[in-house]
Amino acid sequence: VGAVHIVKELKQQLEESLGKELKLAGVAYPPGTQKADSQAIRYVAEGAGFEVVSMLDEPTAANAVLNISDGVVVDVGGGTTGIAVLEQGRVVYVADEPSGGTHFSLVIAGANKIPFEEAEQLKLDKTKHQELFPVVKPVMEKVAAIIAKHVGDFKPRAIYLAGGTSCFTGLEKVVEGVTGIPVYKPENPFLVTPLGIALAVQQELEG
């Protein structure tokens, strides 16, 4: 119910900004999510007033933008890190484990003795990233260890980061240091997966 209210509010804000009603939507879920659980995400979007025309996992959505044939797409979100290994354009392995932006905020809040909400805002301020880096580095290393555990057997050429938490300065260097695999980060990783979701909707309508 809380998620429905949040999506409704965001929908209204966008509609007011754009001057038009938003009717169609796509949704994405963490890789490896069971069908019943992924349907819950659809129900949230429908409860907010959308007609859902597309559903796909988050790394696949990200790759709709990145267009990777061989490599690993890692979506570091708020609560989980999603991983998809691609070989010759096909997803051959997916995984999802807890650890992400929420853990960054919890560590920042604890280290600075501030409320979680304040830590969230502090985390988003890029001018503070260098100062916060030593605090969040252990969480980054945990994310990197999760990635290394899942991709080690595949020996990929490169790792590509997406998701809001990937925006934190220096995450790519930590992941590369732990995994030993070249890591690439788009200019704005936060927008990669949402854009891929929107492209999936467009493809569905055109198909």
Heavy-atom side-chain proximity of Asp70 to Gln88 below 4.5 angstrom: yes

Working for side chain to side chain contact (heavy atoms under 4.5 Å, CB included), residues Asn63 and Leu66: CA-CA 5 Å; Asn63 199 42; Leu66 299 171; 3.9 Å; yes

Connected hydrophobic set around Leu124, excluding itself, where side chains approach under 4.5 Å: none

Side chain to side chain contact (heavy atoms under 4.5 Å, CB included) assessment of Ile83 paired with Ile146: CA-CA 9 Å; Ile83 300 159; Ile146 289 169; 4.0 Å; yes

Please tabulate, for side-chain N and O atoms in residues 187-207, each donor-acceptor pair with protein atoms closer than 3.5 Å (sequence neighbours left out).
unit_1 : atom_1 : unit_2 : atom_2 : d
Asn188 : OD1    : Phe190 : N      : 3.2
Thr193 : OG1    : Asp75  : OD2    : 2.6

Nearest atoms (heavy-atom pairs only) where Glu120 meets Gly101: OE2-O, 4.2 Å

Distance in Å, Met55 CE paired with Thr60 OG1, rounded so as to fall on 0.5 Å steps: 12.5 Å

Hydrophobic cluster of Ile6, others only, ordered by chain and residue number, side-chain cut-off 4.5 Å: Leu10

Phe50 reachable from Ile41 in the ILVMFWY side-chain graph, under 4.5 Å edges: no

Side-chain donor or acceptor of Asp57 paired with backbone N/O of Pro30 under 3.5 Å: no

Side chain to side chain contact (heavy atoms under 4.5 Å, CB included) partners of Lys128, counting only residues at least two apart: Leu122, Asp125, Glu131, Leu132

Short side-chain to backbone donor-acceptor contact, Glu51 and Lys23, under 3.5 Å: no

Nearest non-hydrogen partners of Pro182 and Arg157, listed with the distance: CD-O, 3.4 Å

Set of residues satisfying ring pair (Phe, Tyr, Trp, His ring centres under 6.0 Å) with respect to Tyr93, sequence neighbours excluded: His150, Phe154

Atom of Ala119, atom of Ile108 and distance for their closest heavy-atom approach: CB-CG2, 3.9 Å

hydrophobic_cluster_shared for Val65 and Val91, side chain cutoff 4.5 Å: yes

Greater than 12 external heavy atoms within 6.0 Å of Tyr184's OH: no

Check: Glu16/Gln12 side-chain N/O donor and acceptor closer than 3.5 Å: yes

Any donor-acceptor pair under 3.5 Å from Thr81 side chain to Ser99 backbone: yes

Under 3.5 Å, side-chain donor or acceptor atoms of residues 166-177 against the rest of the protein: list the pairs with distances, not counting sequence neighbours.
unit_1 : atom_1 : unit_2 : atom_2 : d
Ser166 : OG     : Ala162 : O      : 2.7
Thr169 : OG1    : His129 : ND1    : 3.0
Glu172 : OE1    : Lys185 : NZ     : 2.9
Glu176 : OE1    : Val183 : N      : 2.9

Closest non-hydrogen atom pair, Val76 against Gly100: CG1-CA, 4.3 Å

Val85 reachable from Ile181 in the ILVMFWY side-chain graph, under 4.5 Å edges: yes

Co-membership, hydrophobic cluster, residues Ile159 and Ile68, 4.5 Å side-chain: no

Donor-acceptor under 3.5 Å (Asp96 side chain, Pro31 main chain): no

Worked verdict on Arg42 versus Tyr29 for side chain to side chain contact (heavy atoms under 4.5 Å, CB included): CA-CA 9 Å; Arg42 170 194 285 271; Tyr29 46 85; over 6 Å; no

Gln121/Glu118 under side chain to side chain contact (heavy atoms under 4.5 Å, CB included): CA gap, chis, key distance, verdict: CA-CA 5 Å; Gln121 293 306 310; Glu118 191 175 329; 5.8 Å; no

Side chain to side chain contact (heavy atoms under 4.5 Å, CB included) partner of Val44, chosen from Val52, Val4, Val27: Val4

Tyr43 reachable from Val1 in the ILVMFWY side-chain graph, under 4.5 Å edges: no

Heavy-atom closest pair, residues Val7 and Ala48: CG1-CB, 3.5 Å

Closest non-hydrogen atom pair, Ala62 against Val73: CB-CG1, 3.7 Å

